[in-house]
Amino acid sequence: MPTPLKILLVDDEVVRAAMVEEALTHDGHSVVCRLQSPASLNEMVARHQPDVVIIDMESPDRDTLDSMALLNRENPRPVVFFADQHDPDTMQAALKSGVSAYVVDGLVAGRVKAIIEVAIARFDAFQSMRQELDRARNQLVERKRIERAKGLLMKHQDCDEEQAYRMLRKLAMDRGQRIAEVADSVIDILERLDLRSPE
């Protein structure tokens, strides 16, 4: 039995939305919110915390794309978009806005389960890549700050690079902080000293 999912459903056709909700409920999922337009999508996702967002409409317009992009920035979730019409440009725009799966020919109840699974897997893979990229960026920024702190210590303490790094490491151990945090403090203090003292 698959894990039951909380689903937010956006569909501008009431009858079709009711049929989709019935099919999802039959599969053990629960539709926690049903919208006729994606205008309040981000707000409703923040409020209801669904596992997946399903959007079913003819084609995403500019407002829909903007709503999905905002959601992707502020409350990222796997988004499955079922479109009635095939338009490569619109599909590309939707995928750039954070859609995990874009399916043409509309929503067919029998296909929903497999498509949701693919969307969640793609979303999870993308989130992992994004976190890894953020980590790498942060490490690079920290390394630059440590190098800057070492350079300032070498100048102010008249020492070599290894001695400067040992100073940073000792300060970090004494304070129970990470070297990057100590480096920020050292930079702050020594740059202020540089500003005060004439060359």
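Below, all heavy atoms of this structure are taken into account, side chains as well, without hydrogens, waters or symmetry copies.
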To the nearest 0.5 angstrom, please state how far the [atom1] atom of [X] sits from the [atom2] atom of [Y].
X      : Y      : atom1 : atom2 : answer
His156 : Leu190 : NE2   : CG    : 4.5 Å
His48  : Cys33  : NE2   : SG    : 4.0 Å
Arg145 : Glu181 : CZ    : CD    : 12.5 Å
Leu153 : Ile187 : CG    : CD1   : 9.5 Å
Arg169 : Met173 : CZ    : CE    : 7.5 Å
Asp184 : Glu142 : CG    : CD    : 8.0 Å

TODO: Would you check if the side chain of Lys6 reaches a backbone N or O of Gln49 as a donor-acceptor pair within less than 3.5 Å?
DONE: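 Side chain of Lys6 to backbone of Gln49: a pair is present.
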Task: Derivation of the side-chain contact (heavy atoms from CB on, under 4.5 Å) call for Val52 and Arg77 - done: CA-CA 6 Å; Val52 179; Arg77 291 288 188 288; over 6 Å; no
So which atom in [X] and which in [Y] form the shortest heavy-atom distance, rounded to 0.1 Å?
X      : Y      : result
Ser67  : Pro38  : OG-O, 3.1 Å
Asp51  : Pro78  : O-CD, 3.1 Å
Gly28  : Pro4   : O-CB, 3.2 Å
Arg192 : Asp188 : NH2-OD2, 2.7 Å

Task: Evaluation steps, side-chain contact (heavy atoms from CB on, under 4.5 Å), between Lys150 and Met167 - done: CA-CA 9 Å; Lys150 281 196 303 188; Met167 283 183 215; over 6 Å; no
side-chain hydrogen bond (donor to acceptor under 3.5 Å, both in side chains) with [X]: which residues, sequence neighbours excluded?
X      : value
Asn138 : none
Arg73  : none
Glu43  : Arg47

Heavy-atom check, side chain of [X] versus side chain of [Y], under 4.5 Å:
X      : Y      : value
Asp160 : Met154 : no
Val53  : Val45  : yes
Glu161 : Glu147 : yes
Glu132 : Met129 : no
Leu140 : Arg143 : yes
Met68  : Asn72  : no
Arg175 : Ser185 : yes
Arg178 : Val182 : no

Task: By side-chain contact (heavy atoms from CB on, under 4.5 Å) - contacts of Leu24 (at least two apart) - done: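 With sequence neighbours excluded, Leu24 shows a side-chain contact (heavy atoms from CB on, under 4.5 Å) to Ile7, Val20, His29, Val31, Ile54, Val112, Ile116, given in chain and number order.
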Open item on the list: Suppose the criterion is side-chain hydrogen bond (donor to acceptor under 3.5 Å, both in side chains): which pairs have a residue in residues 32-42, not counting sequence neighbours?
Closed with: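 Passing the test, one end in residues 32-42: Glu21-Arg34, Asn42-Glu74, Asn42-Asn75.
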- [ ] From the options Leu41, Val99, Leu35, Val80, select the one residue that forms a side-chain contact (heavy atoms from CB on, under 4.5 Å) with Ile55.
- [x]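 Between Ile55 and the candidates, side-chain contact (heavy atoms from CB on, under 4.5 Å) is satisfied uniquely by Leu41.
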Task: By ring pair (Phe, Tyr, Trp, His ring centres under 6.0 Å) - contacts of Tyr102 (at least two apart) - done: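 Result, ring pair (Phe, Tyr, Trp, His ring centres under 6.0 Å) vs Tyr102: Phe81.
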Are [X] and [Y] linked, directly or through other ILVMFWY residues, by side chains that come within less than 4.5 angstrom of each other?
X      : Y      : result
Leu71  : Val32  : no
Leu193 : Leu168 : yes
Tyr165 : Val141 : no
Leu65  : Leu8   : yes
Ile179 : Val186 : yes

Task: More than 12 heavy atoms from other groups under 6.0 Å of CG on Asp174 - done: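 More than 12 heavy atoms, drawn from other residues, nucleotides or ligands, come within 6.0 Å of this atom.
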